[in-house]
Amino acid sequence: MAERRYDPHEIEPRWQALWARERTWEVSNEGADPRSDGRGGAAGARAPKSYVLEMLPYPSGEPHIGHLKVYSVGDAIAHFHRRLGARVLHPMGYDAFGLPAENHAIKTGVHPRDSTAESIASFQRQFRSWGISIDWSREFATCEPSYYRWTQWIFLELFRAGLAYRKEAAVKWCPKDQTVLANEQVDAEGRCERCGALVEVKQLEQWFLRITDYAERLLGDLDALEWPEHVKTMQRNWIGRSEGAEVIFRCEELGIDYPVFTTRPDTLFGATFFVMAPEHPDVMRLAHATPYEHAVHDYVNHALTETNEERGNAEKPKTGVPLGRTVTNPVNGEQIPMYVADYVLMEYGTGAIMAVPAHDERDYAFARAFDLPVRRVIAPRDALDTVEAAPGEDGLPFVGDGVLINAPDEFDGMDNREALGAIVAWLDREGKGHASVNYRLRDWLVSRQRYWGAPIPILYCESCGMVPVPDDQLPVELPDIEDYTPKGRSPLAAAEDWVNTTCPKCGGSARRETDTMDTFVDSSWYFLRYCDARNEHAAWDPAALREWMPVDQYIGGVEHAILHLMYARFFTKALADLGHLDFQEPFQALFTQGMVTKDGAKMSKSRGNVVSPASIVERYGADTARCYILFIAPPDQDADWSDDGVEGMHRFLSRLWRLSAVLAERGDGGAADGWSGAGSGEAGTRVAGGAGEGAHAGAGETAREGVDLELLRKAHWAIDKVSTDLRRFAFNTAIAAVMELLNECSRLREQASTPALSFALCTAASLLF
RNA sequence: GCCCGGGUGGCGAAAUGGGUAUACGUAGUCGACUUAAAAUCGAUGGCCCCCGCUGGGGGGCGUGUGGGUUCGAAUCCCACCCCGGGCACCA
């Protein structure tokens, strides 16, 4: 028998060509896929569906090792579901709008469309050479007009529902590039990521999506999701729900009510001053005609130009200026002085706070700095006597629970948690406040003064005002332009022919909105489009969504734990409310894969420790690359790349292959067929469904022939272990089980050649790939 | 500061409704094949001590640290140390 070598470069292209020719991984939307029912279930019974999805890649340059990992994990799960008899939707697309392509265009003059297309082609080539089982018939890029037409339609649906609105807001502005920046484009030191200039804050009209309306549901619905606990925690923290009360403080001099939000209405009797954020619109008005007018003006101006980094530092000494006015504490009628100070944030609560220095660290620090009175109103229960006997400020600020002191008889001596409710009830009765819930979550700013994004489909008509582009005029296509450099307005504004248009309402002249949408908008609904990707008449047919959604298993990096995963949930809920969907959550189960490092550090060009998937595939074949990255460590953990480990995996596959070749020559044709393809993720057509049964059927038969029962037991154990581990994403132990079985078989070649064991080994191995 | 993870051989790591700790791989060592190397195959494989002494056998200690529960703990409980990540002047 001629010595044969495992040659992935012969095997893999052969199978990949077959898959392409037979369109093996395509699934239709109508009933069971004819290709997957080889073994056939009960007549007419439809196989269960499974939607396995990895986060879509941003096509920039070539795929990196992180891509290899996420798609290897997803592909193994997709195959696994197929083996269990499901019809699996496993599509692919590209998150193709965005800054890297645009910045590249600014540098080189190459149109983003061209550089993106080039990169997409490279991703396509590699995905095919990796043998990922993708339904290519549903592929799209978010920068294609046939896709962003529907992104625009969704925007308009949200607009018509009042969920998209325009508002003046403080935004990040780069004075050098003359453009607004996304928060993500500002580095930790408050500098522009491209030119390094210090970013300023500017008040500009921007488009927002009203995600805050969904705060409660986004929070509550997390409980039922099969997501990693830390991701749910991050979203909960981001939403930041606080229960408390809104309390009204009245400025008698000007006759204006100022509500504040507080989580501690039980400390109201200790409020000794009142502070407003520098951005609060009434600050200058309050200080007007007081001795502090100039000081306030200077302070506010300075605060607004400070970077977030400087201002956000809790360690820095408290600063502020009096406003020269007072407000009335509603519970005791006391006049307390007003201040403006930058430790109060405009974006949380009402932009104004009641300050209780005895029971809040920040208020305490401010009171110390400005020599303001500190009045203790809660004392720890066990230290009550000492505190009342010597009412000093020892132990202040005190933020724990206790009993009320220095309060009216009605509340004095009451447990502070009880008092909290009692005081809110009192405020409510008096019309001076009410129980309230506050969220940290803020509305989503989606407009970008950038070229490479989906245009916001809004017109501004001289007589009709803001007019949505009619659905039949979508998409609003991006015009070609020469100069992508931002000049203080969207580059689109330079395309005069495009900007000037007619109003669909009155026929008069109108101008187009020149801002484009944040790319996170594109990726907030792409998983819906896959269900009906070729639909030219609607974003989707609801029946298609009923067939596939929600995504059964979503896989991606934890870096999207908040932004993308929150936005997609928001879109799903909003679209459900508008009657376009009938489910509330897009991703039933989530898996977040860990990072692959090299020599303990993140891979980066500057560090020179980049491992390119293409070079590994070229050298060892895709199966080695994919199996290695699954075996390296539990995939949710970070793992360090090791070249030796790759060698080991290649050795394992070689042994597996050789053993299969031996079996083939001995005439176990059926099994060997499966084997030769197993490593390459062979289609379910031959192995799926039947393999497990085959192993069981063979068991009794071969036992009669006197096969080592211990080995047979081991084979069943391996199959069981592999499928259990795949359910748990424990690829490393699943592969270990197959390796162990392989070792056993090699030791006992004669017995390994029996059909039962070759089926067993084949099944266990094929479940993996 | 608050909230999540996680600490097991030289390395990646198995084993957690308590029950042979270190599966599997890798590195290492020894051997077979070979003129040699590569490839391949086989053996070995926590630490310490003792006996035997080319094959082998016995004992002790071992899952970040210190306690606890238990016949029995990597696993459960309490306290602490260290590492990683997220949030952070959020009233």
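In what follows, every heavy atom counts, from backbone to side chain, and hydrogens, waters and symmetry copies are set aside. Residue numbering restarts at 1 for every chain, and letters A, B, ... go by the order of the sequence lines.
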Have a look at [X] and say if it touches a base, only the backbone sugar-phosphate, or nothing, with a 4.0 Å heavy-atom cut-off.
| X | answer |
| --- | --- |
| A:Val344 | base |
| A:Gly648 | sugar-phosphate |
| A:Phe631 | base |
| A:Pro228 | nothing |
| A:Asp342 | base |

Is it the case that the side chains of A:Thr212 and A:Asp443 hold a donor-acceptor pair, with the cut-off being a distance below 3.5 Å and no angle test? yes
Can you find a side-chain donor-acceptor pair between A:Thr328 and A:Gln335 that sits under 3.5 Å? yes
Syn/anti state for B:rG5 [syn: chi within 90° of 0]: anti
Rounding to an integer number of angstrom, what distance separates [N] and [M] when you compare their [atom1] atoms?
| N | M | atom1 | answer |
| --- | --- | --- | --- |
| B:rG19 | B:rG5 | P | 22 Å |
| B:rG31 | B:rA36 | P | 13 Å |
| B:rA74 | B:rG7 | P | 14 Å |
| B:rU16 | B:rU22 | C1' | 15 Å |
| B:rU8 | B:rG84 | P | 14 Å |
| B:rC77 | B:rU69 | P | 15 Å |
| B:rC11 | B:rA27 | C1' | 7 Å |
| B:rG58 | B:rG52 | C1' | 10 Å |

Of the candidate nucleotides [options], which contains the atom at the shortest distance from the side chain of [X]?
| X | options | answer |
| --- | --- | --- |
| A:Arg651 | B:rA27, B:rC90, B:rG86 | B:rA27 |
| A:Glu740 | B:rA23, B:rC3, B:rC41 | B:rA23 |
| A:Ala736 | B:rC24, B:rA15, B:rA91 | B:rC24 |
| A:Gln637 | B:rC41, B:rA15, B:rA13 | B:rA13 |
| A:Arg658 | B:rG12, B:rA91, B:rU40 | B:rU40 |
| A:Asn237 | B:rC3, B:rA91, B:rC89 | B:rC3 |
| A:Ile632 | B:rG12, B:rA91, B:rG86 | B:rG12 |
| A:Arg655 | B:rC41, B:rA14, B:rC90 | B:rC41 |
| A:Asp644 | B:rA91, B:rU26, B:rC41 | B:rU26 |
| A:Arg728 | B:rC89, B:rA13, B:rA15 | B:rA15 |

Check the distance between [N]'s [atom2] and [X]'s [atom1] and give it to me in whole angstrom.
| X | N | atom1 | atom2 | answer |
| --- | --- | --- | --- | --- |
| A:Trp657 | B:rU40 | CH2 | P | 14 Å |
| A:Asp7 | B:rA39 | CG | P | 17 Å |
| A:Lys316 | B:rC89 | NZ | P | 11 Å |
| A:Leu565 | B:rG86 | CG | C1' | 14 Å |
| A:Asp725 | B:rC24 | CG | P | 15 Å |
| A:Trp641 | B:rC11 | CH2 | C1' | 16 Å |
| A:His230 | B:rG86 | NE2 | P | 10 Å |
| A:His650 | B:rU26 | NE2 | P | 13 Å |

Hey, does A:Phe269 have a side-chain heavy atom less than 4.5 Å from the side chain of A:Asn406? no
Close side-chain approach of A:Thr597 to A:Trp641, heavy-atom, < 4.5 Å: no
Paired stretches of RNA chain B - 3 or more consecutive Watson-Crick or G-U pairs, each distance under 3.5 Å: B:1-7 with B:81-87, B:10-12 with B:24-26, B:28-32 with B:40-44, B:46-51 with B:56-61, B:64-68 with B:76-80
Electrostatic pair [X]-[Y], nearest N-O below 4.0 angstrom:
| X | Y | value |
| --- | --- | --- |
| A:Asp725 | A:Lys721 | yes |
| A:Asp282 | A:Arg325 | no |
| A:Arg728 | A:Asp636 | no |

Assign each of A:Thr233 and A:Ala730 the nucleotide of RNA chain B bearing its closest heavy atom; nearer the 5' end lies the nucleotide of A:Thr233
Distance below 4.0 Å between A:Asn732 side-chain N/O and B:rC24 OP1 or OP2: no
Do any side-chain nitrogens or oxygens of A:Ser242 fall under 4.0 Å of OP1 or OP2 in B:rA91? yes
Tell me, please, whether A:Tyr343 has A:Lys318 positioned over its six-membered ring: NZ or CZ under 6.0 Å from the ring centre and within 45 degrees of its axis? yes
Quick check: A:Tyr554 with A:His560 (ring centres under 6.0 Å apart)? no
Looking at A:Phe273 versus A:Phe366, is the centre-to-centre ring distance below 6.0 Å? yes
